[in-house]
Amino acid sequence: MKPDELNAGNIVEFIADIFERRGAESYLGEPVTMSEHMLQGAWLAEQDGAPEELVAAALLHDIGHYTSEFGTYSPDDVEDKHHDEAGGEMLAPFFPPVIVECVRLHVSAKRYLCATDPTYFSKLSPASVHTLSLQGGPMSAEEVAEFRSNPFHDEAVRVRIWDEGGKIANMKTRAFRDYVPLLERVVKKFAAEGG
């Protein structure tokens, strides 16, 4: 399916197809696959009592690894592939701003946390440390102020924490198909509100 053929009625199935076709790909040198990582993020969000929109954001936060025009990440990369922007752009027509911004900001949230929480850097996996260097390192004071000006920065930080936690080999979670009704509700509500 081509991007110009996507609509509120088929976007969830399009994403499900991506998960099923490409979810078994390795995740940035981590001990989990790409789909396991995103499913773990959603599961952690659920365990934290997050609202549906944030569960969806945690589930979809790395969708840009599949849709970035710069290709998927490799541990040998020397430049950022902007999967955060690619994911946000793909979701924007169909999902509410809180989800889109959490996806778009989850890399910035890592940089923000590394700049504002002295303990956060030690929680990063080696692959996350490597990508941090490609993504600009910890934020400057000016970047922190700009990040905090986004109305969804707190939600993006929550998604980032679930993101970093979602790298556990053999963790039991729901399957992607279990989240299809949730995603469909979120898309339908956004469309009904004029999205």
Given side chains that start at C-beta, do those of C114 and L124 come closer than 4.5 Å, heavy atoms only?
yes

Any side-chain heavy-atom pair from F176 and L183 closer than 4.5 angstrom? yes

- Polar side chain donor-acceptor pair, D163 to H37, under 3.5 angstrom: yes

Exercise. When clusters are formed by joining ILVMFWY residues with side-chain heavy atoms under 4.5 Å apart, either directly or through shared neighbours, do V159 and M139 land in the same one?
Worked result: no

Check your understanding: Are W162 and L54 side-chain neighbours, meaning at least one heavy-atom pair lies under 4.5 Å?
Key -> yes

Hey, is E155 close enough to R158 for a salt bridge, meaning N to O under 4.0 Å? no

ask   = Just by modelled atom types, is the F147 backbone N or O under 3.5 Å from a matching donor or acceptor in the N150 side chain?
value = no

Residues 108-118 vs salt bridge (charged side-chain N to carboxylate O under 4.0 Å, His left out), sequence neighbours excluded, gives R111-E143

- Task: Just do the salt bridge (charged side-chain N to carboxylate O under 4.0 Å, His left out) check on R148 and E142 with the steps written out, would you?
- Result: CA-CA 10 Å; R148 286 180 175 154; E142 294 80 17; over 6 Å; no

Hphob cluster co-occupancy, L60 + W43, side-chain heavy atoms under 4.5 angstrom: yes

Practice task
Answer whether the closest heavy-atom distance between the side chains of R177 and E20 falls below 4.5 Å.
Solution key: yes

Applying a strict under-4.5 Å side-chain criterion to I, L, V, M, F, W and Y, I'd like to know whether V103 and I11 cluster together.
yes

Closest heavy-atom pair, Q40 versus K167, reported as atoms and distance to 0.1 Å, is OE1-N, 3.1 Å

Contact between I161 and L113 at the side-chain level, heavy atoms closer than 4.5 Å - yes or no? yes

Shortest non-hydrogen pair, A169 vs P31, comes out as CB-O, 3.7 Å

Of all heavy-atom pairs linking P97 and F152, the shortest is CB-CE1, 3.8 Å

### Task
Dump the intermediate steps for side-chain contact (heavy atoms from CB on, under 4.5 Å) on V186 and V12, then the final yes or no.
CA-CA 10 Å; V186 170; V12 173; over 6 Å; no

Value for CG (D17) from CD (E13), rounded to nearest 0.5 Å, stands at 7.0 Å

#### Entry: Joint cluster assignment, Y120 & L134, ILVMFWY side-chain distance < 4.5 Å
no

For A156 and C102 the tightest heavy-atom approach is N-SG, 3.6 Å

> Does the side chain of M38 come within less than 4.5 Å of Y179's, by heavy atoms?
Replying inline: no

Q) Hey, does F19 have a side-chain heavy atom less than 4.5 Å from the side chain of L59? A) yes

Looking only at heavy atoms, the pair that brings A115 and V144 closest together is CB-CG2, 4.1 Å

Checking the side chain of E53 only, and the main-chain atoms of I99 only, is there a donor and an acceptor separated by less than 3.5 Å? no

Separation between NZ (K188) and CZ (R185), nearest 0.5 Å, reads 11.0 Å

Legend entry - Residues, nucleotides or ligands: over 12 heavy atoms within 6.0 Å of E146 CD: no

Value for CD (E101) from OG (S108), rounded to nearest 0.5 Å, stands at 9.5 Å

*Any side-chain heavy atom of L132 within less than 4.5 Å of one from F121?*
yes

Closest non-hydrogen contact found for V100 with G88 is CG1-O, 3.5 Å

Is it possible for you to say whether M34 and V180 belong to one hydrophobic cluster, with membership spreading through side-chain heavy-atom contacts below 4.5 Å?
yes

Practice item. Say whether, by atom type as modelled, one donor and one acceptor occur between the side chain of D48 and the main chain of A50 under 3.5 angstrom. Key: no

In this structure, CZ of R160 is separated from CG of L105 (nearest 0.5 Å) by 12.0 Å

The side chain to side chain donor-acceptor pair (under 3.5 Å) partners of T116 (sequence neighbours excluded) come to none

One should read off an interatomic distance between D62 CG and H106 NE2, to the nearest 0.5 angstrom, of 4.0 Å

*Salt-bridge test for K123 and E164: reply yes if a basic N is under 4.0 Å from a carboxylate O, no otherwise.*
no

TODO: Would you please test L182 and R174 for side-chain contact (heavy atoms from CB on, under 4.5 Å) and show each step?
DONE: CA-CA 12 Å; L182 180 152; R174 297 179 190 268; over 6 Å; no

Separation between CD (Q47) and OG1 (T173), nearest 0.5 Å, reads 10.5 Å

